[in-house]
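Below is one structure, written out as structure tokens; comments come after it.
In what follows, chains are A, B, ... by sequence order, proteins preceding strands, each numbered from 1.
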Protein chains: 2
Amino acid sequence: MENFQSFLAANFEFNPEETQQILNCFEKKTLKKGAYFLTEGQYCKTVAFVEKGGFFFYQLMDGEEKVCDFAFEGDWISQYKSLINNLPSELSIKALVDSEIYWLDATAMDKLSDKVPKVLIIRTKLAEQYFTQSAERADKLATLKAEERYQWLLDSHPKIHQRVPQYYIASYLGIKPQSLSRIRAVK
Amino acid sequence: MENFQSFLAANFEFNPEETQQILNCFEKKTLKKGAYFLTEGQYCKTVAFVEKGGFFFYQLMDGEEKVCDFAFEGDWISQYKSLINNLPSELSIKALVDSEIYWLDATAMDKLSDKVPKVLIIRTKLAEQYFTQSAERADKLATLKAEERYQWLLDSHPKIHQRVPQYYIASYLGIKPQSLSRIRAVK
DNA sequence: TTCGTTTGTTCACATTTGTGAATGGATGCA
DNA sequence: TGCATCCATTCACAAATGTGAACAAACGAA
């Protein structure tokens with residue numbers, strides 16, 4: 001749990017006692033490659049910190065998995081809209097590789113935040129992470145051509161090819177797998 | 001202020017006294033067409049409700065105004081990242097037409113939320129609005145072709161052409177003005 | 001009003017991306 | 001081991017979008 005502890009230490013000023021209370025509320029879970037953290041239609045009731053491994057977020061459209069996000073070590077996973085508004089999720093979240101998370105369900109979070117009000121900042125962090133990421137993706141999709149978007153993704157996630165099948169990368173970039181192959185061949 | 005009052009009534013359960021306290025903290029402001037609510041580099045310190053008129057959000061890149069969002073009656077305007085993290089804004093927010101807003105600065109919001117804690121939900125609403133919009137725009141940019149994105153925009157904002165110059169619409173859709181003209185000609 | 005500026009349209013041609021099919025490698029399972 | 005499936009690559013051709021230019025229409029300021 002080194003990643004999770006150092007995340008807490010780096011981002012918040014919790015004292016040792018608070019840190020212990022927080023850690024006690026989270027539960028460790030391992031998910032095999034291909035296992036779901038959440039499936040379309042489910043009500044998302046939890047928030048989780050990715051300790052190890054990776055996940056992708058997708059929606060099934062016309063039989064295709066349209067990828068809209070990835071999350072790796074140090075990221076949070078959850079479906080914000082479903083969690084906050086108590087709605088069925090429009091997305092599925094699936095493990096790309098064998099993964100390890102620390103998760104917290106919504107009622108535990110409510111109890112925890114009575115004891116340690118500062119933990120509400122975790123929810124804020126989550127919202128900010130998602131908002132920032134989706135705004136940036138929209139910006140790149142609107143202003144860059146496919147090759148430049150691919151370069152941007154490589155710059156921000158240099159190891160993406162070791163962890164994500166290429167046709168998921170293409171989907172995230174808004175292009176077809178053949179187009180991504182072509183782009184890679186030219187470089 | 002009908003829009004603002006009915007927004008409060010429709011979304012929250014404030015009693016008349018709370019409603020009055022809230023209204024007292026907001027200030028009315030009118031902005032002429034072309035006036036800025038916020039400019040790139042400024043620190044955003046306020047949140048505002050659009051009572052009348054409209055705004056667009058853009059970033060200057062290579063001398064071009066890249067439009068990433070619109071806001072009309074009933075929407076909130078603010079630069080979330082700048083407001084929450086106390087950072088200089090990466091975006092400018094400019095009035096498309098003569099507009100009327102009710103605005104609240106961050107310190108007034110802090111005071112107000114001591115008296116009426118429920119107003120914090122306004123900040124949450126703001127985050128949700130932005131997150132939902134940018135996620136949806138990214139999704140459409142990645143999965144639809146330009147003509148379909150244009151149709152989607154028309155469906156969600158039927159009056160957009162009465163209020164927004166066409167080359168801003170093109171920019172928002174991630175295409176060139178000429179391409180939007182072509183798309184419109186075909187239909 | 002008149003003139004200059006801004007915005008929208010059209011065109012021909014270039015570039016980018018999609019499409020469907022064929023191929024070969026890798027992977028996993030019987 | 002052999003076979004089937006999945007994934008990445010390549011190709012030729014089609015479709016979508018960009019580019020630069022010319023022009024027209026709308027708008028605003030004097």
Side-chain angles (χ1 to χ4, degrees), chain A residues 32-35 54 56 58 60-67 70 94-98 137-154 157 159-187, chain B residues 32-35 53-54 56 58 60-67 70 92 94-98 137-154 157 159-187:
Chain A
K32 290 269 176 211
K33 175 177 178 175
F56 71 108
Y58 72 92
L60 215 55
M61 284 175 57
D62 316 321
E64 270 182 281
E65 293 174 336
K66 302 283 187 178
V67 176
F70 298 112
K94 198 172 173 180
L96 285 160
V97 294
D98 293 355
R137 178 166 174 250
D139 174 52
K140 302 305 177 192
L141 285 165
T143 61
L144 301 182
K145 58 182 58 171
E147 188 197 330
E148 297 166 320
R149 299 199 294 272
Y150 178 55
Q151 191 55 54
W152 159 71
L153 183 63
L154 288 184
H157 293 277
K159 291 188 289 185
I160 192 106
H161 269 291
Q162 277 108 70
R163 319 165 133 228
V164 181
Q166 196 164 307
Y167 65 105
Y168 287 158
I169 298 178
S171 172
Y172 180 77
L173 294 174
I175 57 177
K176 300 292 161 189
Q178 297 97 313
S179 297
L180 183 50
S181 268
R182 176 165 36 203
I183 286 166
R184 282 159 52 78
V186 174
K187 301 187 37 156
Chain B
K32 290 269 176 211
K33 175 177 178 175
F56 70 107
Y58 72 92
L60 215 55
M61 282 175 57
D62 316 322
E64 269 182 281
E65 292 173 337
K66 303 282 187 179
V67 177
F70 299 112
S92 299
K94 198 171 172 179
L96 285 159
V97 293
D98 293 355
R137 177 167 177 249
D139 175 52
K140 303 304 178 193
L141 284 165
T143 61
L144 301 182
K145 59 182 58 171
E147 188 197 330
E148 298 167 319
R149 298 199 296 271
Y150 178 55
Q151 192 55 54
W152 158 71
L153 184 62
L154 288 184
H157 294 277
K159 292 189 289 187
I160 191 107
H161 269 291
Q162 278 108 70
R163 318 164 132 231
V164 182
Q166 194 164 308
Y167 63 104
Y168 287 158
I169 298 179
S171 172
Y172 180 76
L173 295 174
I175 58 177
K176 299 294 161 185
Q178 297 97 313
S179 297
L180 183 50
S181 268
R182 176 164 38 201
I183 286 167
R184 281 160 54 79
V186 174
K187 298 188 41 157

B:Lys140: what forms a salt bridge (charged side-chain N to carboxylate O under 4.0 Å, His left out) with it, not counting sequence neighbours? none

In whole Å, I'd like the distance from the [atom1] atom of [X] to the [atom2] atom of [N].
X        : N      : atom1 : atom2 : value
B:Ile183 : C:dC11 : CD1   : P     : 16 Å
A:Leu144 : C:dT16 : CG    : P     : 14 Å
A:Gln166 : C:dT27 : CD    : P     : 14 Å
B:Gln162 : C:dT7  : CD    : C1'   : 17 Å

Approximate separation, where rounding is to 0.5 Å, of [X] [atom1] and [Y] [atom2]:
X        : Y        : atom1 : atom2 : answer
A:Asp139 : A:Arg149 : CG    : CZ    : 11.5 Å
B:Tyr150 : B:Leu144 : OH    : CG    : 15.0 Å
B:Glu148 : B:Thr143 : CD    : OG1   : 8.0 Å
B:Leu96  : B:Gln162 : CG    : CD    : 13.0 Å
A:Lys33  : A:Asp98  : NZ    : CG    : 8.5 Å

Scan nucleotides 18-25 of chain C nucleotide by nucleotide, 5' to 3', and note B when protein non-hydrogen atoms come under 4.0 Å of the base, S if they reach only the sugar-phosphate, - if neither. BBB-----

Under 4.0 Å from a heavy atom of chain B: give me the 5'-most and 3'-most nucleotides of DNA chain D that qualify. D:dA16 to D:dG20

Between side-chain atoms of residues 167-178 of chain B and protein atoms elsewhere (two or more places apart, or another chain), which donor-acceptor pairs fall under 3.5 Å?
unit_1   : atom_1 : unit_2  : atom_2 : d
B:Tyr168 : OH     : B:Glu65 : OE1    : 2.6
B:Ser171 : OG     : B:Glu65 : O      : 3.4
B:Ser171 : OG     : B:Val67 : N      : 2.8

In short, the helix from C:dT1-D:dA30 to C:dA30-D:dT1 is bent end to end, axes from five pairs each side, to 10°, by 50°

Is there a side chain to side chain contact (heavy atoms under 4.5 Å, CB included) between A:Val164 and A:Phe70 once you walk through the steps? CA-CA 9 Å; A:Val164 181; A:Phe70 298 112; 3.6 Å; yes

Taking side chain to side chain donor-acceptor pair (under 3.5 Å) as the definition, give me every residue that meets it alongside B:Gln166, ordered by chain and number, with sequence neighbours left out. B:Arg184

Comparing nearest nucleotides in DNA chain D, the 5'-proximal residue of the pair A:Pro165, B:Lys33 is A:Pro165

For the residue pair B:Leu141 and A:Ala138, what are the closest heavy atoms and their distance? CD1-O, 3.4 Å

Here the pair of heavy atoms bringing A:Ala146 nearest to A:Ile183 is CB-CD1, 3.7 Å

